[in-house]
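Data first, discussion second: the structure below is written as structure tokens.
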Amino acid sequence: MTASPIRVRFAPSPTGYLHVGGARTALFNWLYARKTGGTFVLRIEDTDKERSTDAHTQVILEGLTWLGITWDEGPFFQGADGPRHRADAERLLADGLAYRCFATPEALDAERRVAVAAGQTYRYERARWAVSAAEEARRLAAGDPFVIRFAVPDAELAWQDAVHGRISFQGRDIDDFVILRSDGSAIYNLAVVSDDIAMRITHVMRGDDHVSNTPKQIALYQALGAPLPVFAHVPMILGSDGKKLSKRHGATAVGDYQDQGILPAAMRNFLALLGWSPGGDREVITSDEMIELFSLEGIQGKPAVFDAVKLEWMNGQYLSHTSADDLLAPVQRQLQLAGVELGGRDLRALIDSAKARSRTVLQLAEQVAVRLDASRIVVDEKAAKLLTKMGPAFGAGLALALQALEPVGSAEWTPDRLFEALKQAAETHGVKLGDAMQPVRVALTGVTVSEPVNELLAVVGRDESLARIRASLSRTADPTPS
RNA sequence: GGCGCUAUCGUCUAGAGGCCUAGGACACAGCCCUCUCAAGGCUGGUACACGGGUUCGAAUCCCGUUAGCGCUACCA
């Protein structure tokens, strides 16, 4: 197979955790690369030395890996390419497309504040800070600090965005921006363009918050004499209040969802559907299908609200279709975190019977824990209500069940046999099956919701089940069976 | 304020001029199934922001208004 010339990249800055918005951008890039047989490059943009940390880089890498997003090249670290960035800036300077600016941040800040206070639009004026050649030489010799600014051309800066269509800006609306700090390090816009050129990136897919950077970058591509990549700006992800998703909306880091027991496949599916649609009614789709169906045209132009409830629903779908074998490790991890004694027990049967009623691995692990360890039983509100409502019938149901179950030996302690025993007992005593089943369910789990009671009994085991029923019976008022 | 983007149910979306009295999914309500729940099935309510065009015909094309969001740093 010949290599596709398509090259995309995901370029997070390690100044925080892997945000779901970033994860989705990464996913789209990955999907596109896999779809086209292209190359997915991972680049860590750590030019902001103040805020970048190795720990954040690690978390981002782990988050991507957990999500199953694999990169073909990298991770490259932007910070390592300082010399090339500087060389590009110098070249622009030599070509007269950029210039030294001696204005100090303080002076600029002061002017900005004045303008803002007066309710005016602040603009950096090239002429306002320009110095004569002689003055420049003098300051240079004196060692005055300066930055290099790019002289934004007074021309239309437009492109055909793969998701928005044509977008155009006027160069005159854009201030001459800094490309090289006074310490000689590159500012984002230069670093990105320099790197994307060097890495031969053909498609730049990133968040909508970058569209206002794009005209600057296009001007830079042109000044550097490099061909333009295709730009695709994917919409933002919003919180339920319609504002850009952030910490105050709760869980926004991919790791948060991992901790909550969301499955990577479900997260992938959910994220892919946020701002992208395969068309038609497709909803729960495998990653292979996503790759097959993915297209830039299918990306929505408007921002999408992150709906955690739907994520959980989707996770539930995946949970019920995931084998107990595959769920074993994550459930064990949650149980260990919760401090539940596993005692070398095989959890698979427990997982299988509980997973249908779980939306997250966390919920699943809680159910398993209750079945494993009687001390984890918590009688919930509905169960308490049922107890009150049934009154003496509750104890009667328990006693009846106990009577029916005690003769069943551990060898025949199977769902079928247990159902038969309970049904027969209920019929003989003229009791509704539910009036025996529900009390048993509550005695075994403390809640009114579970798998069918006969299965529950089987999974909890004979001795433990009988013990729980007896314990519950001893707490109820009227233990006399009818 | 300036510049830019966006505008279909509460939310995610289908829809690329007639197939739309607008479809699906989540959520919600009810029913069926049933020992409970989940799943599944069925039913219901809720949307083309507004105003002008273009057209025989507009959710779909154009313009304007309004609203929301983003950017506006020697952050990325």
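So that the names make sense, note that chain A is the first sequence line, chain B the second, and so on, each numbered from 1.
- OP1 or OP2 of U8(B) lies within a sub-4.0 Å distance of a side-chain N or O belonging to Lys302(A).
- Asp435(A) comes within contact range of no nucleotide atom at all, as no heavy-atom separation falls under 4.0 Å.
- There is a side-chain donor-acceptor pair under 3.5 Å between His249(A) and Asp241(A).
- Between C5(B) and Arg166(A), no contact under 4.0 Å exists linking OP1 or OP2 to a side-chain N or O.
- Taking only side-chain nitrogens and oxygens, Arg282(A) never comes nearer than 4.0 Å to OP1 or OP2 of A14(B).
- Among the heavy atoms of the strands, none lies under 4.0 Å from Leu180(A).
- The side chain of Ile167(A) lies closest to G4(B) when the candidates are G4(B), G2(B), U6(B).
- Side chains of Tyr17(A) and Asp256(A) form no contact here, defined as non-hydrogen atoms less than 4.5 Å apart.
- Under the Watson-Crick or G-U wobble criterion, with both distances below 3.5 Å, U36(B) is left unpaired in every strand shown.
- Lys382(A) comes within 4.0 angstrom of nothing in the nucleic acid, heavy atoms only.
- Between Arg149(A) and C74(B) there is a side-chain N or O to OP1 or OP2 distance below 4.0 Å.
- Note on Arg112(A): only backbone sugar-phosphate atoms sit closer than 4.0 angstrom, heavy atoms only; bases stay farther off.
- The partner of G68(B) is C5(B), by the rule that a Watson-Crick or G-U pair needs both atom distances under 3.5 Å.
- Between the side chain of Arg441(A) and the base of C37(B), no donor-acceptor pair of N or O atoms lies under 3.5 Å.
- Atom P of nucleotide A76(B) and atom CG of Asp48(A) are separated by 5 Å, given to the nearest angstrom.
- Between Glu156(A) atom CD and C3(B) atom P there is a gap of 15 Å when expressed in whole angstrom units.
- Residue Gly275(A) is classed as a sugar-phosphate contact, given heavy-atom separations below 4.0 Å to backbone atoms only.
- Across the P atoms, A47(B) and G1(B) are found 32 Å apart, a figure rounded to whole Å.
- Among the atoms of the strands shown, none is found under 4.0 Å from any heavy atom of Thr15(A).
- Across all strands shown, Ala158(A) has no heavy atoms under 4.0 Å from either base or sugar-phosphate atoms.
- One can find a donor-acceptor pair under 3.5 Å joining the base of A25(B) and the side-chain atoms of Lys310(A).
- Between the side chains of Gln260(A) and Thr360(A), no donor N or O sits under 3.5 Å from an acceptor N or O.
- Contacts of Phe169(A) with the nucleic acid, taken as non-hydrogen atoms under 4.0 Å apart, involve only primed sugar atoms and P, OP1 or OP2.
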Could you go through the ring pair (Phe, Tyr, Trp, His ring centres under 6.0 Å) check for Tyr124(A) and Phe177(A) one step at a time? CA-CA 9 Å; Tyr124(A) 169 88; Phe177(A) 54 95; over 10 Å; no
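- Within the nucleic acid shown, Glu451(A) comes within 4.0 Å of at least one base atom, counting heavy atoms only.
- When heavy atoms are screened at a 4.0 angstrom cut-off, Ser320(A) is found touching no nucleic acid atom at all.
- Under the side-chain hydrogen bond (donor to acceptor under 3.5 Å, both in side chains) test applied with Ser194(A), the options Gln78(A), Arg86(A), Arg84(A) reduce to a single match, Arg84(A).
- G17(B) makes up no base pair with any nucleotide shown, lacking Watson-Crick or G-U wobble contacts both under 3.5 Å.
- One can place CG of Leu457(A) at 13 Å from C1' of U36(B), the figure rounded to the nearest angstrom.
- In this structure, the separation between CG on Leu61(A) and CG on Asp54(A) is 11.0 Å, given to the nearest 0.5 Å.
- Between Met267(A) and Tyr318(A), every side-chain heavy-atom pair lies at or beyond the 4.5 Å cut-off.
- Side-chain to base pairing of Asn454(A) with C35(B): one donor and one acceptor N or O lie within less than 3.5 Å of each other.
- For Ile187(A), the listed nucleotide lying nearest its side chain is C74(B); candidates were C71(B), C74(B), C35(B).
- Distance CD (Glu50(A)) to P (A76(B)): 10 Å, rounded to an integer number of Å.
- In this entry C61(B) has G53(B) as its Watson-Crick or G-U wobble partner, both defining distances falling under 3.5 Å.
- Rounded to whole Å, atom P of C75(B) lies 9 Å from atom CZ of Arg51(A).
- Using Watson-Crick or G-U wobble geometry with both donor-acceptor distances under 3.5 Å, G44(B) finds its partner in C28(B).
- At U11(B), none of the side-chain N or O atoms of Ser240(A) fall inside 4.0 Å of OP1 or OP2 (strictly under the cut-off).
- Within the 4.0 angstrom heavy-atom criterion, base atoms lie near Val453(A).
- Among the atoms of the strands shown, base atoms are found under 4.0 Å from some heavy atom of His210(A).
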